[in-house]
Amino acid sequence: ISTVGLTYKQYHDQFMVESQLNANVDLLDEELTVWQGRGMQSQGNFDLTNFGSLLTENLAFDQTAKSLHYMGRSRYNDILSLSYDVNTEWNSLYADGPLMSHVLGAVWEASNMRFVRYSSIFQQLDLRMNMSRSEVGVNYHPGLLYHNPLTSINEPALGFRYYTNGLSSVIKPELRKEVNVGLDISVLDGRIALTTDVYYRDVKDHLIPSWSATGMRWTNGLDLTSKGLEMTLDTYAEKGEFNWSGSINFFVSRSIVNTVHDGSSFKRFQGFSTAFTGAVEGQQLGVIIGSAYERDGEGEIVRGADGLPEVARDLKVIGNPNPDWILNTNQRFTYRGFSLSVLFEFKKGGQVWNGTSNALNYFGVSEESLSARGQAINPYWGSGVEGIAEGAIEDASFIRWRSLDIGYSFRRSLVESLGLKKLELGIYANNLLLITPYSGVDPEQMLTGSFGTYGLDYFNRPSERRIGMTLKVGF
C-alpha cells in the first residue's frame with residue numbers, strides 16, 4: 001500500500017482556496033484455508049471437534065486497486081463554502097474502465113452573518129447541500145454466511161456454511177446519483193441542537209447477491225429510487241453537580257424498485273418456496289412474497305368443500321418488512337461520580353412472516369391448534385408445513401429498552417492514594433424489555449443474518465439479553 005499527496009492553499013482578503021491531490025495503490029493478496037463442519041453432534045456447539053466430518057478448502061485471490069483523488073475547497077468570509085471532490089479508481093475486478101465519483105457541495109453558514117450573530121439567538125445556523133454521482137463496486141472476498149441451525153433444510157444441524165463471493169461475467173458498477181439537503185441549528189448557548197437531513201437517491205444497476213447451493217454471485221439486478229429524512233435533536237442541561245444530556249434520532253426511509261433487470265415480475269432474494277423476500281416493480285425493496293388466500297370478487301376468502309381456505313394459484317406480495325419510521329432516544333445523567341444512561345428504540349410499522357407459528361400449527365403443538373387436536377383432520381395440514389404465508393403476516397412494531405448503564409468514578413483522592421490514575425466501576429444490561437404485538441420471539445431478528453432475510457421468521461433465535469459488570473483501572 002502506498003499513498004502520495006500534494007496540497008495547495010491560498011488566502012486573499014476574504015477568500016480562501018485549497019486544493020489537494022492524492023494517489024493511492026492497494027494490493028490485496030490473500031490465502032485462506034477453510035474448514036466446513038458437517039454433522040453437528042451436539043446442537044449449538046460450533047467447535048470443529050463437534051462435527052462428524054470436516055471439509056477442507058484452500059482459496060487464494062488477489063485484487064489491485066489504484067485511485068486518484070482531487071479535493072477542492074473555496075471559502076468566502078466564513079459565510080459561504082463550496083467544495084468539489086472527484087475520485088477515480090482503477091480496480092482489477094473491472095476491466096472496462098475506472099470507477100468515478102463526483103461530489104459537489106455548498107454550505108451557507110448564516111450564523112456567521114452579522115445580523116444573525118448579533119441577535120444572540122443562534123449559535124449555529126447552517127444550510128448544507130450535496131450533489132453526487134458515483135460508480136460503486138463490490139467487495140470481493142470469501143466469507144461465512146450464518147444459518148439458523150434449526151432451519152437449514154439439507155443439513156439441519158449445521159450452524160455456518162461457507163460461501164465465496166463471485167462476480168458474474170456481465171457485472172457493471174452500480175451508478176448512484178444523490179441529492180442531500182441539510183440544516184444545522186443550535187440555540188440557547190448550544191443547549192439545544194437540531195440536525196436535519198433530507199435525501200433523494202437514484203440507483204441504476206443496483207448490485208445484489210444471488211445465492212445458490214454452490215455459492216454467491218453479485219449481479220446487477222435492479223434500478224431503484226430512495227428518499228428519506230433523518231433528524232437528530234441533542235440537548236443538555238446542568239445545575240451544580242448534576243448534568244443531563246439527551247439525544248433523539250428519527251428516521252424515515254423508502255426505497256422503491258423501478259425495474260427488475262431480468263424481465264421477470266420479481267427478483268427473489270432469500271427464504272422458502274412459499275414465503276421469501278424479493279424485489280417487485282413499484283414496491284419497496286425487500287417485500288415479502290408468498291402464497292396467498294384465494295379471494296372472490298368481494299375480497300372474501302374462498303373456502304373449499306371441507307371448509308378450509310383455498311390457496312391462490314399465483315404468489316403475491318403479502319407483506320412489507322420496512323418500518324414506517326424509527327425513533328431512538330438516549331438519555332444520560334451524571335451526579336458527582338455517578339452516571340446513568342438509558343437507550344430506547346421505537347419502531348412503527350413493518351411486517352414479519354411468522355413461519356414458526358405456521359409450522360407449529362401444522363404439527364398440532366401450538367396453542368392456536370389446540371382446538372383441532374380432537375378432530376380427524378388437522379385444518380392446518382392442507383397448506384403444508386409452511387402454511388399459507390398470507391395468514392402468518394404480523395405487525396412488527398415494537399418498543400425496545402436496548403441498554404442500561406450505571407457507573408461510578410471513585411474520588412481522585414482515593415484513587416491517587418492507591419497509586420492509580422483512574423478507577424471506575426460499572427454495571428450494564430442490554431435488551432432489557434421488548435413490547436410488541438408480534439406473537440413470535442422477536443420481530444427484529446433475521447432468518448440467516450444475511451442480505452434479504454429481514455422479515456422472515458422460521459424458528460429464529462431471540463435477541464440476547466446481557467447483564468454484566470465492568471472495572472476500569474488506569475495506571
- Task: Quick one: list whatever passes ring pair (Phe, Tyr, Trp, His ring centres under 6.0 Å) with W108, sequence neighbours left out.
- Result: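 Testing W108 for ring pair (Phe, Tyr, Trp, His ring centres under 6.0 Å), a comparison that skips the adjacent residues, returns none.
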- Task: Would you indicate whether the side-chain heavy atoms of R254 and Q284 approach each other to under 4.5 Å?
- Result: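 They are in side-chain contact.
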| said: Suppose the criterion is salt bridge (charged side-chain N to carboxylate O under 4.0 Å, His left out): which pairs have a residue in residues 401-410, not counting sequence neighbours? | reply: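 Qualifying pairs, neighbours excluded: E345-R402, R402-E444.
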Review point. Does T259 reach the main-chain N or O of H261 with its side chain, forming a donor-acceptor pair under 3.5 Å?
Key: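 Looks like no, no N/O pair under 3.5 Å.
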Run the salt bridge (Lys or Arg N to Asp or Glu O under 4.0 Å) test against [X] and tell me which residues pass, sequence neighbours left out.
{"X": "R411", "answer": "none"}
{"X": "D223", "answer": "none"}
{"X": "R73", "answer": "D85"}
{"X": "D234", "answer": "none"}

Please list, one pair per line, the donor and acceptor atoms closer than 3.5 Å that link side chains of residues 315-323 to other protein atoms, with sequence neighbours excluded.
| residue | atom | partner | partner atom | Å |
| --- | --- | --- | --- | --- |
| N320 | OD1 | N322 | N | 3.1 |
| N320 | OD1 | N322 | ND2 | 2.7 |
| N322 | ND2 | L285 | O | 3.0 |

Less than 3.5 Å apart, which donor and acceptor atoms pair up between the side chains of residues 182-196 and the rest of the protein, not counting sequence neighbours?
| residue | atom | partner | partner atom | Å |
| --- | --- | --- | --- | --- |
| D184 | OD1 | R128 | NH2 | 3.1 |
| D184 | OD2 | R128 | NE | 2.8 |
| R191 | NH1 | L188 | O | 3.4 |

Could you list the residues that satisfy side chain to side chain contact (heavy atoms under 4.5 Å, CB included) with [X], not counting sequence neighbours?
{"X": "K422", "result": "E424, K472"}
{"X": "T356", "result": "N354, L360, D457, F459"}
{"X": "I427", "result": "M469"}
{"X": "A237", "result": "W244"}

- Query: When rounded to the nearest 0.5 angstrom, what distance separates NZ in K347 from CG in N328?
  - Reply: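 Taking NZ in K347 and CG in N328, the distance rounds to 12.0 Å.
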* **Centroid-centroid distance, F272 to Y458, less than 6.0 Å** =>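 Yes, ring centres under 6.0 Å apart.
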